[in-house]
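To keep things clear, I will list the structure first and then write my remarks on it.
Model, not experiment: these values are computed from the prediction. These values consider heavy atoms only, across backbone and side chains, with no hydrogens, waters or symmetry-generated copies.
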Amino acid sequence: MAKENAASNTKFFVLDTNVLLHNPNALFAFADNQAVIPFDVLEELDKFKKDTTDVGRSARTAIRHIDGLRQKGHLAEGVRWNGHGGTVRVAMDTASKPVPGLSLDKPDNRIISVAYHLKQAGKTAIFISKDINARIKSDALGITTEDFENQKVDYETLYAGYRELTVPSSVIDRLYAEKRIPADDPLLAALEPKLFPNEYVLFKAQGAESQTGLARYVPALNAVLPLSRAKKAVFGITPRNLQQVMALDLLLDDDVQMVTLMGTAGTGKTLLALAGGMYKSFQEQGGGGRYERLLVARPIMPLGKDIGFLPGSKDEKLSAWMKPIFDNLELLLTDRRVHSGEASPSANVEAKLQGYMDSGKLVLEALTYIRGRSIPHQFMIVDEAQNLTPHEIKTIASRVGEGTKLVLTGDAEQIDNPYLDANSNGLSFTIERLKSSDLVGHVTLSRPERSSLASLIVKEL
């Protein structure tokens, strides 16, 4: 009787191909329920397996997982993979049966039909897909439909990296006089949630909010410490707001081995990351640099329609994708600081930039070439990280060797990957999952500083 009850409570999660391409381990994310793999999903995985990108690698990993299960039992009957009743089954017997409104000449529709017929048979069927249109069609058929939630966070409540606290002015005076406020001080101990490692606190004086104090929680000292670098220029860049001050503080702190910067267009996240990286790699320690080189990488993800293959060598092809990085580097290397109003003659920026690249101190790469490498003693920036899946960011971060600092920047409101959104992209997921680590710091930048027009566009459109 107990077995019958357990069977009747089993949920049948029908997985779309894109879920396994997003995370091959999704097969094992449904505990004591059954993951159902439509036969068409196997066909689509087979098409992707030769792809040289992370999509192809995910396809091959998913196929290996399924092949490993095949060694333990019959996939058509369902193979148990844990001791709690969790099974994986390949569905072959329902895709040819008609479904109202669906043309079964399309693989996507045949995949949906598997969930439909399970529901018609009285099963608790749930269709899991990262394809919005597939979810709409499935829902229209009365099927319970969900995105893959295992690696999703709530973007609206995403950890910002700082908080504001209104206090008596005497607290701010004490912060700067004693150079610290212990975390077990009643003022901080009462905070809910508790301070996260490397989180900032902006103290505002009661009745006089123009009097402020900015501090960062340092777990090793069990105290919040006032910032010592506030408003200091770094490689010619002076922070324009408090969030930029926080970002540079994290970028220049060697004890913080990973920094994540989230922000809308024009907030300065990429420019600040590059300024911090160039200072640490080229100027610090008497001009030799704290790190052996600055490595900057971006995912190859076009905005709008792809223009197809680009001519030339690898470096020539890459230059088109890395143009936003070149723009920022040129600003940092020029003698004319636009934001300061100086009008001194511009130096030979291209020669400077080429010199750094020829010496190997500055390396620009597509993320395609990162896999399989070990990257020690480098300042590594991954720009546009919002276009990466959590699995891809995990793969990149696992390349980091001893003495390397990793910086991820991105804007969760400008995602070009069709299967990611503000809640499921790798950058948002990383920020939320690693906020409790002493080695990681984060700041969300919200105030555009690129230009008055850029600020207006971001705010109003």
Inset, instruction - Apply side chain to side chain contact (heavy atoms under 4.5 Å, CB included) to Leu188 and Leu165, showing your working. - result: CA-CA 9 Å; Leu188 299 178; Leu165 194 59; 4.2 Å; yes
Inset, instruction - Starting from the C-alpha separation in whole Å, work towards a yes-or-no answer on side chain to side chain contact (heavy atoms under 4.5 Å, CB included) for Arg180 and Val224. - result: CA-CA 6 Å; Arg180 60 186 290 144; Val224 297; over 6 Å; no
Legend entry - Test side chain to side chain contact (heavy atoms under 4.5 Å, CB included) applied to Val407 and Leu251, step by step: CA-CA 8 Å; Val407 181; Leu251 291 165; 3.7 Å; yes
Inset, instruction - Using the side chain to side chain donor-acceptor pair (under 3.5 Å) rule, take Asn25 and His65 through it: C-alpha gap first, then chi angles, then the decisive distance, then the call. - result: CA-CA 8 Å; Asn25 296 320; His65 284 331; 2.9 Å; yes
Legend entry - Residues Asp131, Asn133; criterion side chain to side chain donor-acceptor pair (under 3.5 Å); working and verdict: CA-CA 6 Å; Asp131 186 328; Asn133 195 54; 5.4 Å; no
Legend entry - Derivation of the side chain to side chain contact (heavy atoms under 4.5 Å, CB included) call for Lys280 and Val234: CA-CA 10 Å; Lys280 300 293 288 187; Val234 176; over 6 Å; no
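Without hydrogens or angle criteria, Thr395 side chain to His391 main chain gives a donor-acceptor distance under 3.5 Å. Looking at Gln386, its side chain does come within 3.5 Å of a backbone N or O of Asp411 through a donor-acceptor pair. Remark: the backbone N or O of Leu175 is not paired with any side-chain donor or acceptor of Glu178 at under 3.5 angstrom. Counting only distance, with no hydrogens or angles, the side chain of Ser138 and the backbone of Ala134 share no donor-acceptor pair below 3.5 Å. Side-chain N or O atoms of Asn387 include one that pairs as donor or acceptor with a backbone N or O of Asp416 at under 3.5 Å. Distance alone, capped at 3.5 Å, is enough to place a donor-acceptor pair between the Lys352 side chain and the Leu333 backbone. A donor-acceptor pair under 3.5 Å is absent between the side-chain atoms of Lys50 and the main chain of Gly56, judged by distance alone. In terms of modelled atom types and a separation under 3.5 Å, the side chain of Thr145 and the main chain of Ile143 share a donor-acceptor contact. Put simply, the side chain of Ser58 never gets that close to the backbone of Pro24: no donor and acceptor are under 3.5 Å apart. A donor-acceptor pair is defined here as one N or O able to donate and one able to accept, closer than 3.5 Å; such a pair exists between the side chain of Thr267 and the backbone of Thr264.
If you run side-chain contact (heavy atoms from CB on, under 4.5 Å) between Met262 and each of Leu445, Val443, Leu427, only Leu427 comes through. When Phe379, Tyr279, Phe282 are each tested for a ring-ring contact (aromatic ring centres under 6.0 Å, His included) with Tyr291, only one passes: Phe379.
Looking only at atom types and distance, the side chain of Ser103 has a donor-acceptor partner in the side chain of Asp105 under 3.5 Å away. Side-chain polar atoms of Asn109 and Lys137 form a donor-acceptor pair below 3.5 angstrom. Inspection of the Thr270 and Asp383 side chains reveals an N or O donor paired with an N or O acceptor under 3.5 Å. With 3.5 Å as the limit, one finds a donor-acceptor pair spanning the side chains of Gln243 and Ser446. Judged by distance alone, the side chains of Asp421 and Tyr155 never bring a donor and an acceptor atom under 3.5 Å apart.
When all heavy atoms are compared, the tightest approach of Leu367 to Pro299 is CD1-N, 3.6 Å. Residues Tyr217 and Ala223 come closest through the heavy atom pair CD1-O, 3.5 Å.
In this structure, Val14 and Ile126 have side chains that are not in contact, with every pair of non-hydrogen atoms separated by 4.5 Å or more. The shortest distance between side-chain heavy atoms of Val296 and Val363 does not fall below 4.5 Å.
The pair Asp147-Lys130 meets the salt-bridge criterion, with a side-chain N (NZ, NE, NH1 or NH2) lying under 4.0 Å from an Asp/Glu carboxylate O. A salt bridge is defined here as a Lys NZ or Arg NE, NH1 or NH2 lying under 4.0 Å from an Asp or Glu carboxylate O, and Glu199 with Arg163 meets this definition. Look at Lys323 and Asp327 and you find a salt bridge, because one of the NZ, NE, NH1 or NH2 atoms lies within 4.0 Å of a carboxylate O, short of that distance. Salt bridge Asp254/Arg290: present, at least one basic N to carboxylate O contact under 4.0 Å. Electrostatic pairing of Asp67 and Arg64 does not count as a salt bridge here, judged by no charged N lying under 4.0 Å from a carboxylate O. Look at Asp185 and Arg174 and you find a salt bridge, because one of the NZ, NE, NH1 or NH2 atoms lies within 4.0 Å of a carboxylate O, short of that distance. With respect to Asp51 and Arg60, no salt bridge is recorded, no charged nitrogen being found less than 4.0 Å from a carboxylate O.
Taking the six-membered ring where tryptophan is involved, the planes of Tyr159 and Phe196 are perpendicular, since the angle between them exceeds 60° and thus also 30°.
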